[in-house]
> 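This is the structure, below, for whatever I ask next.
Every number for a ligand or one of its atoms is a count from 1 in the order of the listing.
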Amino acid sequence: MPSPPPISSKVQSTRWSTCRRRNRQLVVDIFSIDSLTDGHIAAILDRADLHLAANRESRRSTTLRDKIVFNLFYENSTRTLMSFATAAHRLGASVVTLPVGQSSVKKGETLADTARTLGAMRPDAIVIRHPETGAPSRVAELVDAPVLNAGDGTNEHPTQALLDAATLRAHFGRVDGLTVAICGDIRHSRVAHSNALLLPRLGANVRLAGPLELMPDELSARPTVDDAIAGADVVMMLRVQRERLDRDLGDGPGEYLSRYGLTAERLRRAAPNAVVMHPGPMNRGIEIEDSVADDQQRSLITRQVEYGVAVRMACLELAAGAID
Ligand code: NCD
């Protein structure tokens with residue numbers, strides 16, 4: 001099965017160069033996979049390997065010493081929020097997190113006004129998660145600091161795709177030539193969208209599959225989950241994003257798992273040494289069976305989280321001009 005084309009015109013519309021020169025320093029915004037050059041991607045992956053090794057030995061880096069990173073999360077997060085904050089701390093930076101739920105956003109302040117306000121405090125980088133496509137680039141137009149996209153609605157989640165690629169590269173020694181089945185709620189998954197752009201750039205063959213009502217309209221290839229998993233080296237499962245659905249799927253208890261979820265039985269269709277990934281949060285018993293999620297031989301889920309910190313360290317360094 002060939003790799004699919006970019007699955008959303010929204011994704012393509014974010015293709016622009018994002019190097020800006022501010023205060024005589026070159027900063028790099030990370031809005032989307034297409035906003036990164038091949039050189040950026042290679043630098044991030046290589047640097048992440050070094051950071052991962054250093055983190056395991058509790059060795060600190062000081063490349064962002066005295067810098068201030070702002071975290072702005074307009075949507076819920078555990079992994080990405082903590083991971084960016086940990087990454088910044090491990091580089092010697094300070095993190096200031098805006099408690100969006102208790103902020104002036106609740107008094108009706110616009111994103112643009114919040115951006116101008118925070119920009120005036122002169123942070124060295126801004127990490128933003130927001131429900132609207134393109135919010136990171138709108139903020140970047142109003143601030144000097146580089147902006148990193150921690151997920152914009154259903155559009156993109158570039159640092160998640162980068163950490164997925166880093167995890168695969170560490171496990172298999174390569175991404176080139178791997179067949180990756182991404183299964184579940186493709187329509188609403190910014191993780192799937194960014195991976196569908198990044199992994200083929202690194203030479204992987206990506207298959208996207210899920211319930212028909214959760215597949216993007218513009219995708220013509222719609223294999224079943226069973227067909228997508230057949231012979232795959234990697235099975236990446238996605239959560240059904242019920243909070244983004246107009247109407248409920250109407251599935252009965254156990255129905256989603258038996259029709260579309262990753263059970264131990266379904267995983268037997270994959271390549272003999274296939275691995276399992278999930279960006280989290282997992283809905284156990286829905287898109288993934290407990291025994292698969294907890295299979296120490298097959299599951300790379302905790303490794304993904306560990307690489308998340310290392311990759312975000314590299315992304316912060318790139319954005320803030322500490323590496324090129
Ligand atoms: C995902 C997200 O928020 O896009 N999680 C993550 O960042 N690791 C996926 C999800 O919410 O299901």
> If a pair satisfies ring pair (Phe, Tyr, Trp, His ring centres under 6.0 Å) and one of its residues is in residues 232-286, list it, with sequence neighbours excluded.
Tyr256-Tyr260
> Salt bridge or not for Glu306 and Arg56, using N-O below 4.0 Å?
yes
> Evaluating non-hydrogen atoms only, which member of His188, Arg239, Gln304 is closest to atom 11 (O) of ligand 1?
Arg239
> I'd like to know if the side chain of Arg312 reaches the main chain of Leu163, judged simply by a donor and an acceptor atom lying under 3.5 Å from each other, with no hydrogens or angles considered.
no
> So does Arg259 pair up with Asp251, basic N to acidic O under 4.0 Å?
no
> Which is closest to atom 7 (O) of ligand 1 by heavy-atom distance: Glu156, His157, Glu287, Arg79?
His157
> Of the choices Gly280, Ser189, Ala150, which has the non-hydrogen atom that lies closest to atom 9 (C) of ligand 1?
Gly280
> Taking a cutoff of less than 4.0 Å between a non-hydrogen atom of the residue and any ligand atom, is Arg129 in contact with ligand 1?
yes
> Measure Glu75 to ligand 1 on non-hydrogen atoms and call it side chain, backbone, both or neither using the 4.0 Å cut-off.
neither
> In plain terms, say whether Arg122 and Asp144 are close enough for a salt bridge, that is, a side-chain N and a carboxylate O under 4.0 Å apart.
yes
> For residues 85-113, pull every pair meeting salt bridge (charged side-chain N to carboxylate O under 4.0 Å, His left out), keeping only residues two or more places apart or in separate chains.
Asp113-Arg116
> Within the structure, does Pro279 bring an N/O atom to less than 3.5 angstrom of an N/O atom in ligand 1?
yes
> Among protein heavy atoms, which lies nearest atom 3 (O) of ligand 1, and at what distance?
Arg190 NH2, 2.9 Å
